[in-house]
Amino acid sequence: MGATATGKSLHFCSSQDPLSFLSLTKTKSKAETLNLNFRFSKPPLTPNSRRLRLSIRASSPSSTALNDPPLPSLTNSDLQLRVRILSESLPYIQKFRGKTIVVKYGGAAMKSAELKASVVRDLVLLSCVGLRPVLVHGGGPEINVLLNQLNIPAQFRDGLRVTDARTMEVVSMVLVGKVNKDLVSRINYAGATAVGLSGMDGRLLVARPSPNAAQLGFVGEVARVDPTVLQTIVDNGSIPVIASVAADEYGQPYNINADTVAGEVAAALGAEKLILLTDVAGILRNREDPGSLVKEIDIKGVKKMIEEGKVGGGMIPKVNCCIRSLAQGVTTASIIDGRVEHSLLHEIMTDEGAGTMITG
C-alpha cells in the first residue's frame with residue numbers, strides 16, 4: 001500500500017488490489033466546523049486499471065439522500081485518533097484481505113438510522129480494503145408493520161414467526177421487495193456495488209419444511225446451497241445482499257431464519273468469518289450481568305455452557321448456527337452487539353472484538 005499527498009488530500013492505494021484506493025481530503029465549512037463524509041467516485045477506467053476511490057471530505061451538517069443521520073463535528077483529537085486507528089488496522093487488513101466475511105444483519109441495527117448507516121459504511125470500507133463481504137438480512141420489524149397495516153395478526157411460536165399463506169406473501173414482499181432493495185441502494189450510494197438476491201435467485205438456496213411445519217406453516221430450513229451465483233458476484237468485487245426467503249423443489253416459498261441462512265451460506269463459501277449482529281453484547285457467563293461477556297470460546301466450551309443453562313432462550317439457535325458453520329469449515333464465528341456503532345469494524349479490525357468469538 002502506498003501513499004501520496006496533494007495539498008490537503010492524502011491518498012492511499014494498493015498495487016495488489018485495483019479496487020482499494022483511499023483518498024482522505026480535509027477542508028473546512030463556512031461555519032468552521034469539520035465534518036467527515038464518505039464519498040465514493042469511480043475515475044475513468046483504462047484497459048489496465050480499475051480503481052474505486054473513497055473520499056472523506058468535510059461539509060456542512062446535512063442528511064444524505066437516503067436519510068442517513070448527519071455526521072458529527074470532530075475535534076483535532078478526534079481526527080488524530082481516527083488516523084491512529086487507521087494505521088493500527090493495517091495488520092488486520094493484511095490478515096483478512098481476499099477473505100470472505102458473511103454478516104447477518106438484523107435486530108436493533110435495522111431499526112436505527114444511525115446504526116443502519118454505520119453497518120453500510122463498515123461493509124463498504126471492508127470491501128474497499130480488499131475483504132469480500134456478503135450480507136444476509138432478515139426484517140422482522142418491517143414485516144410486523146405491514147402485517148399490522150393489513151390487519152393480519154403476527155404470531156410467534158418458540159421465537160419463530162407462524163407463517164400462513166397470507167403472511168408468507170407479506171414476508172416475501174417486505175424482505176425481497178423492500179428491505180433488500182433499500183440495503184442495495186444504500187450500499188450503492190455509499191460507493192460500492194451491491195447485488196440483491198433471495199434464496200430463489202440462481203437456485204442459491206433450496207428450502208425444506210421445518211420439522212414442526214404443522215404448527216409454524218411455511219417456515220423452512222436450508223436443504224441445499226449452490227454458491228455459484230454468489231461466487232461470480234464476489235469475484236467481480238461486488239457485495240451480495242441476500243434476503244432469507246427460499247423455495248422448495250416444487251416452488252413453494254418459505255420463510256427461513258436469517259441466522260440459519262447466513263451460517264449455511266458461510267459454510268458453502270468457505271468463509272473466513274461468520275458474524276451475527278444481535279441485540280445483546282454476546283455470550284454472557286451470567287445472563288444477569290452484562291459485564292460477564294465471554295470474549296472467546298471454543299465449541300466444546302460453548303456446548304458446556306448450554307448444558308449448564310448459562311446459554312438459553314434466543315441465544316441457543318444463534319450458537320447452534322455458529323457451531324454448525326464451524327463444523328463445515330468456517331474458521332471463526334462471532335456473535336456481536338449490533339446496538340453499537342461500527343461494531344462490525346471493531347470485531348474485524350481489533351484484538352478486542354465487539355462480542356463473542358467461537359472457534360472450532
Side-chain angles (χ1 to χ4, degrees), residues 19 38 40 52 64-68 99-113 115-128 131-143 171-205 207 222 225-247 253 255-269 271 273-278 336 338 343-345 348:
L19 289 178
F38 289 93
F40 293 79
L52 178 65
T64 70
L66 288 169
N67 298 318
D68 287 342
K99 302 294 178 63
T100 299
I101 310 294
V102 176
V103 178
K104 182 267 179 171
Y105 170 60
M110 297 191 84
K111 301 173 188 175
S112 160
L115 292 176
K116 185 179 291 187
S118 165
V119 170
V120 168
R121 287 197 293 266
D122 287 358
L123 285 168
V124 173
L125 180 57
L126 292 173
S127 179
C128 283
L131 281 71
R132 296 154 59 100
V134 175
L135 185 66
V136 177
H137 69 85
E142 299 261 16
I143 293 169
V171 168
S172 294
M173 286 192 295
V174 172
L175 295 189
V176 182
K178 186 175 187 294
V179 176
N180 187 271
K181 301 317 170 193
D182 176 66
L183 289 170
V184 167
S185 296
R186 288 174 180 274
I187 293 170
N188 289 342
Y189 180 79
T193 299
V195 179
L197 303 162
S198 73
M200 291 172 272
D201 295 306
R203 297 182 179 178
L204 172 58
L205 304 174
V222 176
V225 181
D226 182 351
T228 305
V229 65
L230 291 184
Q231 289 168 340
T232 302
I233 294 168
V234 171
D235 290 345
N236 194 44
S238 301
I239 301 175
V241 181
I242 306 168
S244 56
V245 173
N255 180 22
I256 305 179
N257 179 274
D259 293 330
T260 301
V261 171
E264 295 300 319
V265 166
L269 289 172
K273 283 185 76 70
L274 167 66
I275 300 176
L276 307 182
L277 290 169
T278 67
I336 70 172
S343 57
L344 193 52
L345 287 184
I348 295 172

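Hydrogens, waters and symmetry mates play no part in the numbers below; they use all other heavy atoms, side chains included. None of the values given here were measured: they were computed from a predicted structure.
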*Would you please test Val136 and Val103 for side chain to side chain contact (heavy atoms under 4.5 Å, CB included) and show each step?*
CA-CA 6 Å; Val136 177; Val103 178; over 6 Å; no
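- Screening Val134, Ile239, Leu197 for a side chain to side chain contact (heavy atoms under 4.5 Å, CB included) involving Ile233 leaves a single residue, Leu197.
- Pairs of residues two or more places apart, or lying in two chains, that qualify as salt bridge (Lys or Arg N to Asp or Glu O under 4.0 Å) and include a residue from residues 225-238 are Arg132-Asp235.
- Each salt bridge (Lys or Arg N to Asp or Glu O under 4.0 Å) pair with one or both residues in residues 189-205, not counting sequence neighbours, would appear here, but there are none.
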*Applying side chain to side chain contact (heavy atoms under 4.5 Å, CB included), run through Met200 and Leu205 and close with a yes or a no.*
CA-CA 6 Å; Met200 291 172 272; Leu205 304 174; over 6 Å; no
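- Applying the side chain to side chain contact (heavy atoms under 4.5 Å, CB included) criterion to Ser112, with sequence neighbours excluded, gives Glu114, Leu115.
- Separating the CD1 atom in Ile143 from the CE atom in Met173 is a distance of 10.5 Å, to the nearest 0.5 Å.
- Ser185 places a side-chain N or O within donor-acceptor distance of the main-chain N or O of Lys181, the cut-off being under 3.5 Å.
- Put simply, the side chain of Leu277 reaches to within 4.5 Å of the side chain of Ile336, judged on heavy atoms.
- Atom CG in Leu183 sits 5.5 Å away from atom OH in Tyr105 (nearest 0.5 Å).
- Remark: Ala271 pairs with Thr100, Val102, Ala266 by the side chain to side chain contact (heavy atoms under 4.5 Å, CB included) rule, at least two apart or across chains.
- The salt bridge (charged side-chain N to carboxylate O under 4.0 Å, His left out) check on Lys178 picks up Glu142, with sequence neighbours excluded.
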*side chain to side chain contact (heavy atoms under 4.5 Å, CB included) evaluation trace for Tyr189 with Val120*: CA-CA 10 Å; Tyr189 180 79; Val120 168; over 6 Å; no
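- By the salt bridge (charged side-chain N to carboxylate O under 4.0 Å, His left out) test, Lys99 is found to be paired with Glu272, residues two or more places apart in sequence or in another chain being considered.
- Between the NE2 atom of His137 and the CG atom of Asp182 there is a distance of 9.5 Å, given to the nearest 0.5 Å.
- Taking both residues in full, the closest heavy atoms of Gly138 and Ser244 are given as CA-OG, 4.1 Å, listed atom of the first, atom of the second, then distance.
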*Give the C-alpha distance, both sets of side-chain angles, the deciding distance and a yes or no for side chain to side chain contact (heavy atoms under 4.5 Å, CB included) between Thr193 and Ile187.*
CA-CA 7 Å; Thr193 299; Ile187 293 170; over 6 Å; no
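- Remark: the backbone N or O of Val241 is paired with a side-chain donor or acceptor of Asn180 at under 3.5 angstrom.
- Heavy atoms only, all atoms of each residue included: Val195 and Ser238 are closest at CG2-CB, 4.2 Å.
- Here the closest heavy-atom approach between residue Pro240 and residue Pro133 is recorded as CD-O, 3.5 Å.
- Shown here are the side chain to side chain contact (heavy atoms under 4.5 Å, CB included) partners of Val176, two or more places apart in sequence or in another chain: Ser198, Ala243, Val245.
- Residues Pro227 and Ala268 approach most closely at CG-O, 3.9 Å, considering heavy atoms.
- In this view, Asp122 and Ser118, His342, Leu344, Leu345 satisfy the side chain to side chain contact (heavy atoms under 4.5 Å, CB included) rule, not counting sequence neighbours.
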For residues 256-263, which side-chain donor-acceptor pairs fall under 3.5 Å, sequence neighbours excluded?
residue : atom : partner : partner atom : Å
Asn257  : OD1  : Asp259  : N            : 2.9
Asn257  : OD1  : Thr260  : N            : 3.1
Asp259  : OD1  : Lys104  : NZ           : 3.4
Asp259  : OD2  : Lys318  : NZ           : 2.7

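- Considering all non-hydrogen atoms of both residues, Met110 and Lys116 come closest at O-CE, 3.6 Å.
- Here the shortest heavy-atom pairing between Gly338 and Ser343 reads CA-OG, 4.1 Å.
- Here the CD1 atom belonging to Ile348 is positioned 5.0 Å from the CD1 atom belonging to Ile101, to the nearest 0.5 angstrom.
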